Peer 1: 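Mind looking over this structure? Questions follow.
Just so it is clear, the model here is predicted, and its values are computed rather than measured. Numbers here are sequence positions counted from 1.
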Amino acid sequence: MLFGKEHVERYVATDGAEGHEWQGTTTLILTTTGRKSGQQRSTPLIYQPYGDDLLVVASKGGSDEPPAWYLNLQADPQVQVQVKGDRFTAHARTAQPGEKPEMWRTMAAVWPAYDEYQTKTDREIPVVVLTRS
């Protein structure tokens, strides 16, 4: 099973032939700019299309701390996205309270553990909307 850096490397090298389908769902590669280092950081994330946008969840497995990639995109919302062989620039934003419930249901339908993750923390786990630039 692919995970972390190896997942990113195999996904990028094969245009997602290896790594797009993962544990019964699909992943993309999100590249953010490190808020401290200024370096590019790539992370494989479960995603779902939502209209013309893509959704990802900043869960970190239910940790009380948000994932580093989420902190990075808060500092710089211009991100790079790769879905299979399609690479593009996107604008990342946190879903607003009025739109989040439906988006959360969309994501939990493909990865039910998100609901469990939310019970592990008092932190409101964000749904992130990626809009192609």
Peer 1: When you compare the side chains of T31 and S42, does any donor N or O come within less than 3.5 Å of an acceptor on the partner?
Peer 2: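 Yes - a donor-acceptor pair under 3.5 Å links their side chains.
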
Peer 1: Could you give the side-chain donor-acceptor pairs of residues 46-57 under 3.5 Å, partners two or more places apart or in another chain?
Peer 2:
unit_1	atom_1	unit_2	atom_2	d
Y47	OH	H20	NE2	2.7
Y50	OH	E102	OE2	3.2
D53	OD1	T131	OG1	2.9

Peer 1: Is there a donor-acceptor contact under 3.5 Å linking the side chains of Q40 and T33?
Peer 2: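 T33 and Q40 do have a side-chain donor-acceptor pair below 3.5 Å.
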
Peer 1: Side-chain contact, heavy-atom cut-off 4.5 Å: V81 with T89?
Peer 2: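 Of all side-chain heavy-atom pairs linking T89 with V81, none is under 4.5 Å.
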
Peer 1: Applying ring pair (Phe, Tyr, Trp, His ring centres under 6.0 Å), which residue pairs with at least one partner in residues 52-81 are found, sequence neighbours left out?
Peer 2: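 Residue pairs passing ring pair (Phe, Tyr, Trp, His ring centres under 6.0 Å), neighbours aside: none found.
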
Peer 1: Determine whether W111 and Y117 make a side-chain contact, defined as any pair of heavy atoms from C-beta on separated by less than 4.5 Å.
Peer 2: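 When only atoms from C-beta onward are counted, Y117 and W111 do touch, with a gap below 4.5 Å.
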
Peer 1: With distance as the sole test, does R93 use its side chain to make a donor-acceptor pair with the main-chain N or O of Q74 at under 3.5 Å?
Peer 2: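 Here the side-chain-to-backbone pair does not exist.
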
Peer 1: Regarding R10 and E6, does a basic nitrogen lie under 4.0 Å from an acidic carboxylate oxygen?
Peer 2: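 Between E6 and R10 there is no salt bridge, as every charged N stays at least 4.0 Å from the carboxylate O atoms.
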
Peer 1: Any non-hydrogen side-chain atom of E18 less than 4.5 Å from a side-chain atom of Y11?
Peer 2: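 No, their side chains stay 4.5 Å or more apart.
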
Peer 1: Of the options Q96, M103, E99, which is the one that meets V127 in a side chain to side chain contact (heavy atoms under 4.5 Å, CB included)?
Peer 2: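 Exactly one candidate clears the test, M103.
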
Peer 1: Less than 4.5 Å apart, side chain to side chain, heavy atoms only: is that true for Q80 and R87?
Peer 2: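 No. Closest side-chain heavy atoms not under 4.5 Å.
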
Peer 1: Under the 3.5 angstrom rule, does the side chain of N72 hit a backbone N or O of T32 as a donor-acceptor pair?
Peer 2: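 Flag not set: sc N72 to bb T32 has no pair under 3.5 Å.
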
Peer 1: Kindly indicate whether the side chain of H91, heavy atoms from C-beta on, has any atom under 4.5 Å from the side chain of L130.
Peer 2: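 Side chain of H91 against side chain of L130, heavy atoms only: no contact under 4.5 Å found.
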
